[in-house]
Number of protein chains: 2
Amino acid sequence: MVKAMDRRQRKTREAIFNAFRELLEKNRYENITVQDIIDRADVGRSTFYSHFETKDALLKAICSDIFDHIFRGEICEYPGETHNLQEKLAHILWHLKANKKDIIGLLGCESGELFMSYIKEYLSELFKMHLKDFSKDVPQDFLLNHLVCSFCATLKWCADKKMNISPEEIARDFIRVVS
Amino acid sequence: MVKAMDRRQRKTREAIFNAFRELLEKNRYENITVQDIIDRADVGRSTFYSHFETKDALLKAICSDIFDHIFRGEICEYPGETHNLQEKLAHILWHLKANKKDIIGLLGCESGELFMSYIKEYLSELFKMHLKDFSKDVPQDFLLNHLVCSFCATLKWCADKKMNISPEEIARDFIRVVS
DNA sequence: ATATTATTGAACAATGTGTACATTAACATA
DNA sequence: TATGTTAATGTACACATTGTTCAATAATAT
């Protein structure tokens, strides 16, 4: 029922997205101006604002786009079945690595807070399902926060290493540390 | 050999610091303008800029001030001796709690990145000294990153809970999770 | 071929940044 | 108390960024 986008709209949106991502590779979000974006995307100022209310709205749109792409779309293409938590974490790392170009830009710098919050929500659900795997004598909410945040730290760590990592090894190391 | 500050300078600096901290309690760093600061501090625009080159410089100055105050100054006033890692972590939490007014403002929101980086450096040294306590079969740099980041997550967690926590319990829970 | 819709560029007000400078007030010292 | 030094003030300024408006133009769908 969703009407297809006008080709012009699609092209403009693409151009803005691409310009923004390219700028994110070299600059922090706060230092990128709307002017920078429309210059690189080569679109008019009014065009930008007819697509996005603010720069924040653009960031939000791009985060949810990429998140959907990685976590809901291609995530089923991981080779082999996924059963336990360790494999699921490797699974996530594998997909982030496959999309490293986008990920490094969004996680590598501090601009990554928003995107990270998407991932955190996802991880929170994931770890909640596996809380029984950790027989630690600590409050559950404390444990959950610990797992989510420390795996996020691992993701950032991998992004800083330009995703030149082995998903399986990282996932195994993570599980070893928290088990 | 350091010449004492002119009383006017001290007063101005204090006023700016206080205004900034108060604003940080309710607003995110990025949304606070120099105008807001000088309005609340009730000092002239040029006065502000004769003290600090930019808003970033002010944040940096305030972070290192508070860090020095907490981690180098009062940290010896903790009741009882500190020996093992768990006690040291409780120690840190205890002091952060004692300075909760400053801490919540600086850690509670995303503005906390800079201040957190000070703490991270400190924690990195601390955990490095205790790496032998963790006999985990994972690379040392991975383990160190994990410990530092997950304890920072715990600090943020405590700040979000307005520091209404028991330092001893939190430190114990943390050690249980990573041991 | 035509009606619709997106894009454009230019102009605009509003807000914020950082600097310059002459004037005034507070300070230290003798 | 008188004097030279230093800090604070306010005003004004150039500049950058944001977000809006609008009429003219181009691409699109039918």
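This structure is a prediction, so every number in the text was calculated from the model and none was measured. Within every chain, numbering begins at 1; the chains are lettered A, B, ... in the order of the sequence lines, protein sequences first and strands thereafter.
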Phosphate OP1/OP2 of [N]: any [X] side-chain N/O under 4.0 Å:
X	N	value
Arg7(A)	dT28(D)	yes
His51(B)	dA7(D)	no
Gln9(B)	dA7(D)	yes
Tyr49(B)	dT19(C)	no

Classify the side chain of [X] versus the base of [N] as yes if they form a donor-acceptor pair under 3.5 Å and no if they do not.
X	N	answer
Arg8(B)	dA8(D)	no
Arg45(B)	dT11(D)	no
Ser46(A)	dG19(D)	no

Separation of atom [atom1] in [X] from atom [atom2] in [N], rounded to whole Å:
X	N	atom1	atom2	answer
Ile38(B)	dA8(D)	CD1	C1'	13 Å
Lys55(A)	dA16(D)	NZ	C1'	13 Å
Ile16(A)	dA6(C)	CD1	P	14 Å
Asn31(A)	dT17(D)	CG	P	11 Å
Glu14(A)	dT7(C)	CD	P	13 Å
Arg10(B)	dT6(D)	CZ	P	17 Å
Asp36(A)	dT17(D)	CG	C1'	10 Å
Met5(A)	dA29(D)	CE	C1'	16 Å

field: Touch class at under 4.0 angstrom, heavy-atom based, for Thr47(A) against every strand present
entry: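 Base contact - Thr47(A) has a heavy atom under 4.0 Å of at least one base atom.
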- request: Just call it for Thr33(B): base, sugar-phosphate, or nothing, with non-hydrogen atoms closer than 4.0 Å on any strand.
  value: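 Sugar-phosphate: the residue Thr33(B), judged by heavy atoms under 4.0 Å, touches backbone atoms but no base.
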Within 6.0 angstrom of Glu25(B) CD, more than 12 heavy atoms from elsewhere: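 Buried by this count: over 12 neighbours within 6.0 Å.
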query: Going through the distances and angles, do Asp173(B) and Asp137(A) end up as a side-chain contact (heavy atoms from CB on, under 4.5 Å)?
result: CA-CA 8 Å; Asp173(B) 289 347; Asp137(A) 184 23; over 6 Å; no
message: Would Lys156(A) and Cys149(B) count as a side-chain contact (heavy atoms from CB on, under 4.5 Å) here? Give the steps.
response: CA-CA 10 Å; Lys156(A) 216 160 193 163; Cys149(B) 290; over 6 Å; no
message: Regarding Glu125(A) and Lys128(A), does a basic nitrogen lie under 4.0 Å from an acidic carboxylate oxygen?
response: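 Yes, Glu125(A) and Lys128(A) are salt-bridged.
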message: Need to verify one output field. Residue with the more 5' nearest nucleotide on DNA chain C, Lys11(B) or Val34(B)?
response: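 Its nearest nucleotide being more 5', the pick is Val34(B).
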task: Taking Ser50(B) for its side chain and Thr47(B) for its backbone only, find out whether a donor-acceptor pair lies under 3.5 Å.
output: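 Such a contact is found between Ser50(B) side chain and Thr47(B) backbone.
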